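Heads up, the thing below is written out as structure tokens.
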Amino acid sequence: MAESVSGFLFEKLSSLLTQEVSLLRGVRTEVEEIKLELENMRAFLRDADTRKDSNEGLRTWVGQVRDATYEVEDIIDEFVYRMDRPQRGGFRGCLLNTITLLKNIRYRHRFATQLQGLKRNIAAISMRKDQYNLINTEDGSSSQNANERWKHRGETAPYEDDDEIVGLKERIDQIVVWLTEEEPRRTVISVVGMGGLGKTTLVAKVYKHQMVKKHFECCVWVSVSQSYNVEGLLKSVITDLFKKNKLEVPSNVSSMNRSQLVEMVRDYLDTKRYLVVLDDVWSVDAWTDLNIAFPRNRCGSRIMLTTRIENVASALGDGSRVFPLERLQKKEAWELFSKKAFWKEPCPPELQQLARKIVEKCGGLPLAIVSLGSLLSLKDKTALEWNRVYRDLSWQLTNDQMLERLKHILLLSFYDLPYRLKHCFLYCCMFPEDYLIKRKRLIRLWVAEGFVEDRGKVTMEEAAEDYLKELMHRNMLQVVEKNESGRVKGCQMHDIVREVALSLSHEVKFGMIYDEKQARQEGKVRRMSIYSNGEIIRCTAGMVHLRSLMVFGGSTSFSYSLNTMASSFRLLRVLNLEGVPIQSIPDEVTNMFNLRYLNLRKTKVRELPESLWKLQNLQTLDVRNTELERLPSGIVKLRKLRHLFTYRIIDESLNSFDYFKSIQVPIRICNLTSLQSLDDIDAREGEIIKKVGNLTQLRNLGISKVREIDGVELCNSVGKMKHLLNLSVTASTEEETLELEALSPNPPLLHKLFLNGRLEKVPPWLSSLVNLTHLGLYYSKLREEDPLSSLQALPNLVYMYLHKAYEGQQLCFCDGHFTKLRELYLHDMTQLNRIVMEKGALPSIEKLCLDSCGKLKTLPEGIEYLTGLQALSLLDMPTELSHRLKLKDGSEEDRRKVAHIPIILRGQWIELEGLVTEHLN
């Protein structure tokens with residue numbers, strides 16, 4: 001982690017040195033020398049990160065480097081803030097510029113003095129490693145530390161005895177079938193899953209299976225691991241193959257180069273039905289390096305591969321199968337835990353509840369279950385003793401040798417990450433246990449923290465999404481929620497993985513969960529989360545270096561904490577107060593010049609400080625569902641603002657036209673050309689509709705109070721937004737017509753479109769939105785004969801919600817159309833009395849909801865053809881329709897038509913994921 005920290009500072013210094021000369025006048029030399037010193041130290045830091053567990057002196061040295069690096073970052077942030085001020089015009093502005101210049105001269109001198117001191121300190125730290133011989137390569141080669149031992153050993157079996165195998169029989173049988181089927185071509189089977197799931201155990205049992213032994217002429221096991229050597233592995237394969245067949249190993253094997261070794265392996269296996277296991281593969285390169293040695297003969301040969309990384313499994317090409325190894329079910333997990341914790345004895349009644357909580361915390365991870373079960377088997381069987389382990393698991397993971405194996409096997413995935421992803425991963429442990437982390441929120445936080453590399457051609461948000469995908473592909477974050485398109489909406493950290501991450505986070509002062517006593521001991525902690533209700537922060541000397549403060553829950557007493565700490569946390573980048581019932585934001589908050597992310601969502605805040613303009617680095621401002629009526633005029637000066645969210649839901653049922661309220665914003669908000677999200681703005685002043693076209697970088701736009709006469713201007717403005725992904729437009733009243741036919745060109749990348757207001761007809765350009773996945777038409781009151789004809793050709797539509805959208809009597813879904821639609825909601829169609837679904841229409845539909853369609857007394861014709869339909873909801877529908885589906889006295893034919901649908905809800909509501917606000921943000 002020290003190398004990661006220095007890497008971020010190294011980039012910051014490089015960026016600073018490329019800025020205009022005037023900013024660094026008089027201090028450029030010092031900045032360059034510190035940058036050079038850090039560059040020289042990075043190789044040693046990278047080595048130290050893999051060795052420090054075995055050397056107390058080295059741990060101390062790494063800590064000193066980290067603290068010095070943080071100190072340099074702190075003073076640079078303040079220096080840039082003070083020096084990089086815009087010039088003001090006019091006589092008064094000139095006078096203020098002169099005063100500022102004089103102040104800057106004094107501050108530049110002070111900054112140069114600070115840099116000189118830091119430069120001497122860093123140089124002394126660098127010399128100390130040589131003085132005390134902290135990095136000894138010879139010692140490193142002969143005495144590997146714990147991290148390196150586990151890195152080379154890979155993921156060994158979490159439980160090995162036959163009587164301890166739980167939940168694997170069906171999985172073993174499935175893979176045995178794949179291995180022994182008649183397919184003559186070489187097949188690759190990859191077993192994929194997070195560390196500790198028992199991939200090696202599963203494959204080892206398959207490898208030793210009697211049917212497998214009989215089926216293959218020769219078998220070989222190769223432990224690849226993170227630190228693999230191709231030549232060494234190939235020599236091991238040759239030795240293993242020859243010895244198993246009682247042949248003498250060629251004497252010249254040890255002197256062969258890679259190509260010779262590959263040729264020998266290929267020659268030996270060319271005509272044989274072989275089985276090769278490549279255990280613990282960490283990269284596509286490792287597969288590429290080894291794959292060439294195993295011939296694609298037509299003898300029915302097989303390769304089994306275990307990996308934690310989904311990208312490795314997906315890169316194997318033709319002839320490959322993926323076996324995702326799932327976590328143990330609750331029953332299986334309890335059985336395994338009981339065997340380890342109680343052996344042959346039953347669980348004592350007084351421990352039953354606590355034991356099940358411990359098993360639940362293991363989240364079906366066999367290695368965690370076995371490790372904790374073994375640890376607790378040695379503890380007194382008392383609730384006091386067991387609860388101590390449960391409450392302080394992160395400490396146990398760091399200090400109890402019985403959990404060393406669990407910690408290091410899980411940390412192997414962490415050590416394999418690029419340094420930027422290490423920070424992103426650790427940041428996730430700052431959220432509470434089992435917390436659903438929303439994708440877009442996490443991405444904005446990472447960007448605000450500075451974890452994301454500026455790639456130039458893509459936005460940092462797009463780059464951050466790639467980081468998130470990488471962590472998921474490596475099985476370090478779990479996908480919990482997806483939208484209808486299959487895109488990730490929310491993720492979680494496995495509880496045990498989170499505990500390991502927390503212990504590491506505390507160790508390297510990356511972040512901590514607030515506890516007053518611990519906060520005083522931590523020193524220069526950088527990030528802090530508060531979970532408990534009513535917690536009052538007492539600022540300590542080390543806490544003035546905070547970069548991120550996230551509060552989850554809390555009470556009105558937190559207002560006192562915010563007032564007292566605002567002036568102390570000047571370096572804060574992230575302030576997350578979502579859901580905290582505060583009513584005001586003190587002016588002192590605007591002195592947090594470094595603030596990038598301010599989340600006040602679901603608070604009771606009624607107004608923002610007029611001095612908000614001072615937050616010149618602010619990127620995200622979220623005031624959704626607060627008591628705000630307006631934004632301060634100074635917001636138009638926040639030139640780095642990227643995301644602004646302002647609406648308030650006032651009718652959770654969404655049954656009224658005015659279900660949400662937008663906040664009026666200054667027209668000059670449209671001068672903030674860095675904006676990517678603007679949701680929702682009040683357009684009752686028509687001028688803003690014309691000006692919003694300046695925001696050509698927008699990805700998300702919500703605009704309300706649109707009048708019919710504003711339609712042409714709105715179309716002109718939206719037509720300039722080439723990057724727009726999500727668009728929501730609401731008319732000024734339910735009867736106001738949205739005049740949107742003039743849109744040209746349409747946003748080529750548009751994914752989500754929600755129109756709330758009367759339409760004369762479906763806009764002609766809508767049918768050409770080839771990337772559209774979500775469509776909502778509210779209060780459209782269409783009267784054209786066939787409104788679906790303009791929509792059915794949309795090739796990627798997966799979600800459609802029609803609310804008072806059609807005043808006709810019949811809707812027909814034709815054969816071959818809406819091929820990807822998964823969810824369809826038809827709501828409040830007062831004249832609709834017939835729905836026809838031709839055979840071949842809606843082949844992908846999974847959810848169908850009919851709500852408040854008072855004249856629809858029969859089931860949709862052709863509903864029996866929707867073989868993939870998983871849920872049918874009939875809410876507030878005519879009694880005749882409900883009666884036809886009753887078990888008694890109903891229509892046998894109608895019941896037959898819906899017999900294939902697993903869930904049919906009558907008079908109830910299924911969870912509606914299609915809210916405009918959820919889809920846009």
Side-chain angles (χ1 to χ4, degrees), residues 80-81 84-90 92-93 96-97 100 444 447-448 459 461 573 575 584-601 605-624 626-648 661-706 710 713-714 716-718 720-721 723-724 728 921:
V80 172
Y81 162 69
D84 192 18
R85 301 270 185 99
Q87 294 293 304
R88 287 157 287 205
R92 185 172 181 273
L96 292 174
N97 290 338
T100 300
R444 291 169 194 140
V447 171
T459 66
E461 287 80 2
R573 281 175 170 259
L575 180 57
S584 63
I585 296 294
D587 288 343
E588 287 79 5
V589 166
T590 62
N591 291 327
M592 297 176 179
F593 63 86
N594 221 16
L595 200 64
R596 265 82 167 160
Y597 181 97
L598 179 57
N599 185 357
L600 303 174
R601 189 177 185 180
V605 170
R606 296 180 180 276
E607 62 178 1
L608 296 177
E610 289 296 328
S611 56
L612 189 73
W613 63 269
K614 293 166 65 177
L615 299 177
Q616 287 296 302
N617 287 306
L618 196 65
Q619 297 173 354
T620 296
L621 177 60
D622 191 341
V623 292
R624 286 173 283 190
T626 62
E627 302 297 322
L628 282 170
E629 298 290 338
R630 67 175 187 88
L631 293 177
S633 59
I635 194 171
V636 301
K637 298 181 180 179
L638 303 181
R639 63 186 188 277
K640 295 183 181 179
L641 197 64
R642 302 161 76 91
H643 307 283
L644 176 61
F645 305 105
T646 62
Y647 60 78
R648 181 170 81 223
K661 184 176 182 180
S662 56
I663 295 177
Q664 286 188 284
V665 298
I667 292 178
R668 287 193 297 151
I669 199 79
C670 299
N671 294 336
L672 302 181
T673 54
S674 293
L675 275 173
Q676 295 181 27
S677 302
L678 184 57
D679 189 23
D680 184 278
I681 60 171
D682 189 322
R684 68 184 68 185
E685 294 184 26
E687 187 68 15
I688 201 168
I689 290 179
K690 181 178 181 180
K691 297 290 186 181
V692 79
N694 296 336
L695 305 178
T696 57
Q697 296 303 308
L698 278 182
R699 269 66 177 172
N700 307 299
L701 173 63
I703 188 165
S704 59
K705 302 298 181 185
V706 177
D710 298 325
E713 285 290 3
L714 180 59
N716 289 338
S717 290
V718 172
K720 298 174 184 177
M721 301 174 187
H723 305 287
L724 197 64
S728 172
N921 302 298

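Remember, it's a predicted structure, so these values are computed and weren't measured experimentally.
Taken to the nearest 0.5 Å, the CG atom of L672 stands 12.0 Å off from the NZ atom of K637. A distance of 5.0 Å separates SG of C670 from CG of L695, quoted to the nearest 0.5 Å. A distance of 7.0 Å separates CG of L600 from CG of L575, quoted to the nearest 0.5 Å. Once rounded to the nearest 0.5 Å, the distance linking OG of S633 with CZ of R668 reads 7.5 Å. Between the NZ atom in K705 and the OG atom in S662 there is a gap of 6.5 Å [rounded to 0.5 Å]. Rounded to the nearest 0.5 angstrom, F645 CZ and T620 OG1 are separated by 6.5 Å.
I585 places a side-chain heavy atom less than 4.5 Å from the side chain of P609. Put simply, the side chain of R642 reaches to within 4.5 Å of the side chain of E461, judged on heavy atoms. Looking only at side-chain heavy atoms (C-beta outward), D679 and Y647 come within less than 4.5 Å of each other. Looking at heavy atoms from C-beta onward, L678 lies out of side-chain contact with N700 at the 4.5 angstrom threshold. Looking only at side-chain heavy atoms (C-beta outward), V447 and R444 stay at 4.5 Å or farther from each other. In this structure, Q616 and L638 have side chains that are in contact, with non-hydrogen atoms separated by less than 4.5 Å. Put simply, the side chain of L724 reaches to within 4.5 Å of the side chain of V718, judged on heavy atoms. At least one side-chain heavy atom of T646 sits less than 4.5 Å from a side-chain heavy atom of L631.
Between the side chain of S674 and the main chain of K640, no donor-acceptor pair closer than 3.5 Å is present. Although no hydrogens or angles enter the test, the distance criterion places a donor-acceptor pair under 3.5 Å between the side chain of R699 and the main chain of Q697. A donor-acceptor pair under 3.5 Å links the side-chain atoms of N617 to the main chain of F593, judged by distance alone. With hydrogens and angles disregarded, a donor-acceptor distance shorter than 3.5 Å links the side chain of D622 to the backbone of R624. One N or O on the side chain of R596 and one on the backbone of N594 form a donor-acceptor pair closer than 3.5 Å. Judged by distance alone, the side chain of S717 and the main-chain N or O of I689 form a donor-acceptor pair under 3.5 Å.
For the pair I688 and I681, the tightest heavy-atom approach, listed with the atom from each and the gap, is CD1-CD1, 4.2 Å. Residue E687 comes nearest to I667 through the heavy atom pair CB-CD1, 3.8 Å, listed as atom of the first residue, atom of the second, then distance. Nearest heavy-atom pair across L621 and I635 is CD2-CD1, 3.8 Å.
Side chains of S677 and H643: a donor-acceptor N/O pair is present below 3.5 angstrom, by distance only.
Between E610 and R630 a salt bridge is recorded (basic side-chain N to carboxylate O distance below 4.0 Å). Salt-bridge annotation for E713 and K691: absent, with no side-chain N of the basic residue lying under 4.0 Å from a carboxylate O of the acidic one.
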* Where do V706 and L714 land on the side-chain contact (heavy atoms from CB on, under 4.5 Å) test, with the steps shown first? -> CA-CA 9 Å; V706 177; L714 180 59; 4.2 Å; yes
* To do: Apply side-chain contact (heavy atoms from CB on, under 4.5 Å) to Q676 and H723, showing your working.
  => CA-CA 9 Å; Q676 295 181 27; H723 305 287; over 6 Å; no
* To do: Dump the intermediate steps for side-chain contact (heavy atoms from CB on, under 4.5 Å) on L641 and L675, then the final yes or no.
  => CA-CA 6 Å; L641 197 64; L675 275 173; 4.1 Å; yes
* How far apart are the C-alpha atoms of V605 and E627, what are their side-chain angles, what is the distance that settles it, and do they pass the side-chain contact (heavy atoms from CB on, under 4.5 Å) test? -> CA-CA 6 Å; V605 170; E627 302 297 322; over 6 Å; no
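Partners of T626 by side chain to side chain contact (heavy atoms under 4.5 Å, CB included), not counting sequence neighbours, listed by chain and number: T603, V623, L628.
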